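All figures in this text were calculated on a predicted structure; none of them were measured in a lab. Counting starts at 1 for both ligands and their atoms, in listed order.
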Amino acid sequence: MVPVRADSRHKERSHGRSRPQKSRREAQALAPSGRRAGHGVLHPRGYAVYRVLEDYVRRKMRRAGYAEVRTPQLLPKEFWGRSGHWDKFGEHMFRVGDGELAMALKPMSCPCHVQIFNKGLRSWRELPIRYAEFGACHRNEPSGSLHGIMRTRAFEQDDAHVFCREQDVEGEVACFIALLGEAYRDLGFPDYEVALATRPAARAGDDATWDWSEAKLGDAARRCGLAPQIKPGEGAFYGPKLEFALRDRLGRSWQCGTVQLDGVLPQRLEASYVAPDGSRARPLMIHHAIFGSLGRMIAILLEHHGGVLPFWLSPDQVAVAPISKDQAGYGVDVLAAFEDAGIRAVAYDGADTLSRRIVAAHEMAVPVMAIVGGREMRDGRVSLRERDGLQADVPLAEAVSRLQARARPGALVAEAL
Ligand SMILES: [Zn+2]
């Protein structure tokens, strides 16, 4: 049987499918498959995790005052010329032309967000203005630098930009660092490292601006209790950046988050706002991402958690298994109760023995099974079984509330039954 969701359970059941046939290897294959072209695909369970991460960041950004936007993947060469990307980044861009209009796939969303900011006259009273986008980006990386699903040529990142005044910078960066720290803790990474990448040899802007920008990022990090290591010369040509690296349980370091300060792009694309004295002023732009590439983050999570994701991230959180066909109807009710409560439930109701279905759920890394027999059906209860075999017989409503509590982001430790 292929695990099914509530909306298709009747159809699946009527086909009388047997137990899940997927191997352990398939069970763990949650992430996009690497391809020689450097592009990946997300299989259903991998995409389920992707959606959980996306929804998680979406809620966090919305609460922090970011408006989500969507910008095109294909834009004219002329646009990339004005932004400076054609000159500075052109060799990494996929170019598309129909003979009349030269276009390129976007390698990042930043200039598009400036375009949104530039629509209409902005007042200082509106600032900071914050945009977030799950931007689908393409970069023509050299084939030698491709690394499975860790480094691809096509990826989606949790991109965000803040347009603000100088006096807002430290507070905005500190707010982002707080968001990032919460997100990393929720994913199971309590510790991370931070580095301040400073001015490179080839750069835009004068030294006074660089002095100010580097000091602001450093101050914001220290305000959040961090002590950034300095990476001399590794900043972007337009400004310094803070880089955040996760440490996984094997001690390996993965650079994921970044926040960058930029006065160049607003200037190139002529972003401005009306200052309190009525003059036109140039906003500063803060670029940031918590995860970076979402596909890469899924791969890091799988490495870190040994293929068994925490409950809140699991693609299938609970497998409902009636002991015999006599409890099939009650099993459907139980599955619906979980689904209605926002818990990702699947039916393990095939003809196989219960023990085989338990093994199958284990192989699929499903964290909890809800087993229902005659007694459970009669009393409106379920038997919750953990991966380690621990079992608790509870009323259905209690089972739902227990699993709901564990589905909260960051609830990493299995509730004691
Ligand atoms: Zn950006």
>> Please give me the protein atoms (N, O or S only) lying under 2.8 Å from the Zn ion (ligand 1), ordered by chain and number.
In response: Cys110 SG, His161 NE2, His287 ND1
> If you look only at pairs with a residue in residues 229-238, which of them pass as a side chain to side chain donor-acceptor pair (under 3.5 Å), with sequence neighbours excluded?
Replying inline: Lys231-Glu243, Tyr238-Gln260
> Can you list the steps and then say if His288 with Phe176 is a ring-ring contact (aromatic ring centres under 6.0 Å, His included)?
Replying inline: CA-CA 8 Å; His288 65 70; Phe176 164 72; 4.2 Å; yes
>> Show every salt bridge (charged side-chain N to carboxylate O under 4.0 Å, His left out) that has at least one partner inside residues 122-136, sequence neighbours left out.
In response: Lys106-Glu133, Arg122-Glu126, Arg130-Glu172
> Hey, mind stepping through Lys216 and Asp219 against salt bridge (charged side-chain N to carboxylate O under 4.0 Å, His left out) and telling me if it holds?
Replying inline: CA-CA 5 Å; Lys216 280 290 167 197; Asp219 287 349; 5.4 Å; no
> Ion pair present between Glu182 and Arg185, side-chain N to carboxylate O less than 4.0 angstrom?
Replying inline: no
>> Test of understanding: with side-chain hydrogen bond (donor to acceptor under 3.5 Å, both in side chains), list the residues that count as partners of Asp248, not counting sequence neighbours.
In response: Arg252, Trp254
